[in-house]
Amino acid sequence: MKQTIIEALQSALEIEHEITKETILKISKQLNVPESEVYGVATFYTQFKAKKKAKYNIEICMGTACFILGGESIVEILRKRLKLKDNVSEDGLFQISIVRCLGRCSEAPVMSINNKIYGKLDKNKIEKLISNLEQNNEV
Ligand code: FES
């Protein structure tokens, strides 16, 4: 299967620990996609790298199955719902990061909250999960 831009960026981060202009150029050539496209995904991806600890750590899967089945829209839904600034919610309760396959591809798109996995996500399911956590303060 063809490597996605996010997979290439994740591999590069594991090896080089940062995304440089050279990294973007290299991935662009390897995957035969425009530099601007790699740059766009890199910007999107790196802003979700965890910086501080919130009560609820949400990991959004961006492995191949989840990416294809709407992983990016899950990020968008959470970004709007939680009013994310960098990767942390406005109230400081939630923190978001993007991860590789969580091992539940048949339930894609998938995310975990404090290591508990939730699959077949859509806007309604996410809203229920977040509201429940905000009201009850537990997973
Ligand atoms: S790709 Fe998301 S759980 Fe496997």
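All of these numbers come straight from a predicted model, not from anything done at the bench.
- Of all heavy-atom pairs spanning Pro109 and Gly70, the tightest one is CB-C, 4.4 Å.
- The nearest pair of heavy atoms linking Leu102 to Ser112 is CD1-N, 4.0 Å.
- By the 4.5 Å heavy-atom criterion applied to side chains, Ser89 and Arg79 are not counted as neighbours.
- With sequence neighbours left out, the side-chain hydrogen bond (donor to acceptor under 3.5 Å, both in side chains) criterion links Thr23 to Glu16, Thr20.
- Rounded to the nearest 0.5 Å, atoms OG (Ser11) and CD1 (Ile6) are 12.0 Å apart.
- Side chain of Lys125 to backbone of Gly119: a donor-acceptor contact under 3.5 angstrom is found.
- Residue pairs meeting the ring-ring contact (aromatic ring centres under 6.0 Å, His included) criterion with at least one member in residues 58-115, sequence neighbours excluded, are Tyr56-Phe94.
- With 3.5 Å as the limit, one finds a donor-acceptor pair spanning the side chains of Ser131 and Glu127.
- The distance from atom CG of Leu133 to atom NZ of Lys128, rounded to the nearest 0.5 Å, is 14.0 Å.
- Residues Ile58 and Asn114 form no side-chain contact, since every pair of their non-hydrogen atoms from C-beta on lies 4.5 Å or further apart.
- Across all their heavy atoms, Cys61 and Cys101 have their closest contact at SG-CA, 3.6 Å.
- Arg81 has a carboxylate O that lies under 4.0 Å from a charged side-chain N of Glu134, or vice versa, which qualifies the two as a salt bridge.
- The distance from atom NZ of Lys123 to atom CD of Glu76, rounded to the nearest 0.5 Å, is 10.5 Å.
- Partner Ile27 forms a side chain to side chain contact (heavy atoms under 4.5 Å, CB included) with one of Val33, Val41, Leu9 and no other, that one being Leu9.
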Could you check Tyr118 against Ile113 for side chain to side chain contact (heavy atoms under 4.5 Å, CB included), going step by step and ending with a plain yes or no?
CA-CA 8 Å; Tyr118 300 89; Ile113 303 176; 3.9 Å; yes
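- Under the 4.5 Å side-chain criterion, counting only non-hydrogen atoms from C-beta, Ile60 is in contact with Ile96.
- When all heavy atoms are compared, the tightest approach of Arg104 to Ile117 is NH1-CB, 3.7 Å.
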Side chain to side chain contact (heavy atoms under 4.5 Å, CB included) between Leu121 and Ile77: does it pass, once the steps are laid out?
CA-CA 11 Å; Leu121 295 171; Ile77 290 166; over 6 Å; no
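- For the pair Met62/Val99, no side-chain contact is recorded, criterion being any heavy-atom separation below 4.5 Å from C-beta on.
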Worked check of side chain to side chain contact (heavy atoms under 4.5 Å, CB included) between Glu90 and Leu82
CA-CA 6 Å; Glu90 196 174 45; Leu82 299 174; over 6 Å; no
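- For the pair Leu78/Met111, a side-chain contact is recorded, criterion being any heavy-atom separation below 4.5 Å from C-beta on.
- Residue Ile24 comes nearest to Ala42 through the heavy atom pair CD1-CB, 4.3 Å, listed as atom of the first residue, atom of the second, then distance.
- At distances below 3.5 Å, not a single donor-acceptor pair connects side-chain atoms of Asn57 with backbone N or O atoms of Ser97.
- Taking 4.5 Å as the limit, some side-chain heavy atom of Ile74 sits within range of a side-chain heavy atom of Ile126.
- In this structure, the separation between SG on Cys66 and CD on Glu107 is 9.5 Å, given to the nearest 0.5 Å.
- Heavy atoms only, all atoms of each residue included: Pro34 and Ser28 are closest at C-OG, 3.9 Å.
- Judged purely by atom type and a 3.5 angstrom limit, Glu7 uses its side chain to pair as donor or acceptor with the backbone of Thr4.
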